S.K.: 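Please see the structure below; I have some questions.
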Amino acid sequence: SILWKGFYSSKEVLCHKGLSLYLVKSLNICTSGSATSCEECLLIHPKCAWCFKEDFGSLRSVTSRCDLKANLVKNGCGDEFESPASSTQVLRSLPLSSKGSSPASSDVIQMTPQKIALNLRPGDKTTFQLQVRQVEDYPVDLYYLMDLSLSMKDDLDSIRNLGTKLAEEMGKLTSNFRLGFGSFVDKNISPFSYTAPRYQTNPCIGYKLFPNCVPSFGFRHLLPLTDRVDSFNEEVRKQRVSRNRDAPEGGFDAVLQAAVCKEKIGWRKDALHLLVFTTDDVPHIALDGKLGGLVQPHDGQCHLNEANEYTVSNQMDYPSLALLGEKLAENNINLIFAVTKSHYMLYKNFTALIPGTTVEILHGDSKNIIQLIINAYNSIRSKVELSVWDQPEDLNLFFTATCQDGVSYPGQRKCEGLKIGDTATFEVAAEARGCPGGPAAAAFTLRPVGFRDSLQVAVAYHCRCGCSAGPEPDSARCGGKGTYVCGLCECQPGHLGSRCECQEGESQSGRQHLCREAEGRPLCSGRGECSCNQCSCFESEFGKIYGPFCQCDNFSCARNRGVLCSGHGECHCGECKCHAGYIGDNCNCSTDISTCLAKDGQVCSDRGRCVCGQCQCTEPGAFGETCEKCPTCPDACSTKRDCVECLLLHSGGPAENQTCHSLCKDEVVTRVDTIVKDDQEAVLCFYKTAKDCVMMFTYTELPSGKSNLTVLKEPECGTAPDATTILLAVVGSILLIGIALLAIWKLLVTIHDRREFAKFQSERSRARYEMASNPLYRKPISTHSVDFTFNKFNKSYNGTVD
């Protein structure tokens, strides 16, 4: 909050979480306000006080009675002033218990204090502290709610002896354990179930895989919470599956009935309430019932008959998530979703909407149900989260959690990673934004999710001054013409003046200069008339005009999007007086840094400033809502390298702690011989040293804001290479490559020749004629025969000549 001083001799700068607020010389929020009564003065600012001393200050000035306490004392008020402060009173505070199951278990206390009273002055914070502890051996009530649709038949077979095994495992965690059982399918109306007459007694008729099953039903409470596990096993063995038409189930009807029917279920007041919801499909939720003509919303009441069956399944719609969350929280029930892997993300999203809910993956045959319940139990018992019930609208609450590591986390009301017996501490600051329009008292409740214990907080508002309790009607101090209250006279109609000494209509022309703020200024600033040496301000349709010279009003202030003072302040004499948590000329700048917190808890990821609830990134290259993105920023490996190099340089030396302390002040260092990256969240980093060695380390961020560094004791260095070996290897490689290339060339040539020869042979075999009949063929020898006859010397020759 802003600490205002009286009159400032020079400009001053107040820093508030990175924001600078300039207070101009001579500004005093109390005296510059519009307070004309003690009650109005107390509303201006928590540091303002009202002097009710009769002869204090100027007779003309009313606002001078409203000032800072130091100024009032300095100006002669003494101790006759009203300046109440917010306070806290503890009404009941019983010590925390250390063990749950004992003969006096009804007196188990897991939260302290149990009742306090707050007296709040608007704008003035008061703080109180509360502690929560998960006590050892606390009683446990577990109600097993099972989906008995046809797809869960194998699961039903797997849990026949669940009671015995579960009791054995839970006996290791608590000596007081009780178990109950219930089942559900869906609403027995169309289109959710088979409603034809032939399906009324056996909806599985015609289904070859499983031809016999029981009729569909909404919810049946089968076994109240009991410590007799044999009864649980016996009841489970009696059950038979049913069949519905659509895929979603009516499980949320059953969850609501199991939560609100406390007497029938048997929930104990002093026990941890666990409701295990097992299914292999999605649930129906509110408005789904309209498909079956159900338009009546669920009323959130118990509707189990004498046979412990849900009677309005076919009359009311399915419950909404909001109604489920409300009823589970009212009855301190921790809901455990045990669902198959394919629907895990859907139910995981439900846990964000239903406080105190966890989700675990159920195997297809439910064989891991016992380990699932144990895991969920340990998860529930390892965290504490505060919830607020019936918080008044005009009340702000600010939480700071101190968990098992001893570190305070502003803005957080949840602790995780607790062990049984650990104590979580929460500091709560309460601040009233203003005075309520109705009763001046209120109440609210703080309760850890899933706990029976709670803190009842009664709130009283300091909106009336003590001096107003004894007014003096027709007081002699007011000339018998007015009521004296808190140092002022409230005059009767027709009378004016600080002591009601004037009457309306009297001529005061000789002293009209008393109604001028300065010489030459108009009377009453032109916004009123001078009467009895005082200004009577005109009424305005825009707001109120006030001040000794009517120089002020409550409507001529800066606006933001048309809203005066952004709706987060009051307009006083042309200047916005901001509510707590806002600053700026028009009060548009929030001082809340919760919107600037990154996932690691740092403001703007330590790369910027939080200005008016938004991050202004100052690191070059940083962007995002919380400056979480920065591609050009040095990563954590680079930022932590200095620490690692220092440890490497001074390893084993006597000056190690002193030299590296400043570089490693935010690190938890562990030296190891080898790096084993078994943590999925650990980041592996390495860099090259000056000696060409490789230095490796891993880091993980701790909830406390520090980092866990796992560093090698010595960097990893390789041996120098052998030059002869390298030369022989290069030459050998060249020879091998050459031989390989020649072999490949020879292979390609051989393949080509064979292909050509085969082609030739193929063409030859396809010829249609023999070689002898080839018209192109000619023999190299030719023979010719010539026949002729001639007579020589009367001798005949035939074909021959001698």
Side-chain angles (χ1 to χ4, degrees), residues 30-69 71-73 75-87 119-124 394 432 434-442 459-506 528 531-537 539 544-548 550 552 554 570 572:
C30 301
T31 57
S32 62
S34 60
T36 57
S37 67
C38 180
E39 285 74 16
E40 291 182 7
C41 178
L42 299 186
L43 288 175
I44 293 178
H45 194 272
K47 298 298 179 182
C48 295
W50 176 269
C51 181
F52 55 83
K53 187 176 181 181
E54 181 179 359
D55 56 351
F56 176 77
S58 168
L59 292 178
R60 296 188 59 257
S61 176
V62 174
T63 55
S64 61
R65 290 183 175 271
C66 184
D67 205 337
L68 296 171
K69 187 188 304 183
N71 291 348
L72 292 179
V73 174
N75 294 331
C77 183
D79 58 355
E80 299 181 53
F81 57 81
E82 290 275 354
S83 182
S86 297
S87 61
N119 293 305
L120 299 179
R121 175 180 174 178
D124 188 22
D394 52 5
C435 289
V459 181
Y461 296 90
H462 275 312
C463 293
R464 297 284 298 174
C465 295
C467 58
S468 301
E472 300 179 18
D474 301 324
S475 174
R477 304 177 187 183
C478 304
K481 302 172 183 177
T483 300
Y484 182 81
V485 56
C486 290
L488 295 179
C489 286
E490 296 178 357
C491 300
Q492 299 172 357
H495 295 273
L496 304 171
S498 58
R499 291 294 179 261
C500 306
E501 68 274 16
C502 299
Q503 290 186 347
E504 292 182 359
E506 289 183 352
S531 178
C532 194
N533 308 326
Q534 292 184 347
C535 286
S536 179
C537 302
E539 293 184 358
K544 180 181 179 181
I545 300 174
Y546 60 92
C550 301
C552 297
N554 63 355
E570 307 295 335
H572 293 291

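Remember, it's a predicted structure, so these values are computed and weren't measured experimentally.
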S.K.: Which residues pass the side chain to side chain contact (heavy atoms under 4.5 Å, CB included) test with Pro471, not counting sequence neighbours?
M.R.: Thr483, Val485
S.K.: If only atom types and distance count, is the side chain of Arg121 paired as donor or acceptor with the main-chain N or O of Ser86 below 3.5 Å?
M.R.: no
S.K.: Side chain of Trp50, backbone of Cys465: donor and acceptor closer than 3.5 Å?
M.R.: no
S.K.: Working to the nearest 0.5 angstrom, can you tell me the gap between His495 NE2 and Lys481 NZ?
M.R.: 5.0 Å
S.K.: For Cys66 and Cys30, is the interatomic SG distance under 2.5 angstrom?
M.R.: no
S.K.: Taking the side chain as C-beta and beyond, is there a heavy-atom pair between Cys51 and Asp67 under 4.5 Å?
M.R.: no
S.K.: Hey, does Arg464 have a side-chain heavy atom less than 4.5 Å from the side chain of Glu39?
M.R.: yes
S.K.: Any donor-acceptor pair under 3.5 Å linking the side-chain atoms of Asp394 with those of Tyr461?
M.R.: yes
S.K.: Please report the closest heavy-atom contact between Val73 and Phe81, naming both atoms and the distance.
M.R.: CG2-CE2, 4.0 Å
S.K.: Would you give the length of the straight line joining atom CG of Asp79 to atom NZ of Lys69, rounded to the nearest 0.5 angstrom?
M.R.: 11.5 Å
S.K.: Shortest non-hydrogen contact from Tyr546 to Asn554?
M.R.: CE2-N, 3.9 Å
S.K.: So which atom in Leu42 and which in Glu82 form the shortest heavy-atom distance, rounded to 0.1 Å?
M.R.: CD2-O, 3.8 Å
S.K.: Quick one: side chain to side chain contact (heavy atoms under 4.5 Å, CB included) partners of Ile545, sequence neighbours excluded?
M.R.: Arg527, Cys537, Ser540, Cys550, Asp553, Phe555
S.K.: Would you say the side-chain atoms of Lys53 pair up with the backbone N or O of Gly76, donor to acceptor, closer than 3.5 Å?
M.R.: yes
S.K.: Considering all heavy atoms of both residues, which atom of Leu43 and which atom of Pro122 are nearest to each other, and what is their separation?
M.R.: CD2-CG, 3.8 Å
S.K.: Taking the side chain from Arg65 and the backbone from Leu488, do they hold a donor-acceptor pair closer than 3.5 Å?
M.R.: no
S.K.: I need the Cys77 SG to Phe52 CZ distance, nearest 0.5 Å.
M.R.: 7.0 Å
S.K.: Under 2.5 Å between the sulfurs of Cys489 and Cys478, yes or no?
M.R.: yes
S.K.: Can you see which heavy atom on Cys48 is nearest to which on Cys41, and at what distance?
M.R.: CB-O, 3.7 Å
S.K.: Could you grab the distance from atom NE2 of His462 to atom OG of Ser87, nearest 0.5 Å is fine?
M.R.: 5.5 Å
S.K.: If you define the side chain from C-beta out and look only at heavy atoms, does anything of Glu570 sit under 4.5 Å from Ile44?
M.R.: no
S.K.: Quick check: closest heavy atoms across Cys500 and Gly482, and the distance to 0.1 Å?
M.R.: SG-CA, 4.1 Å
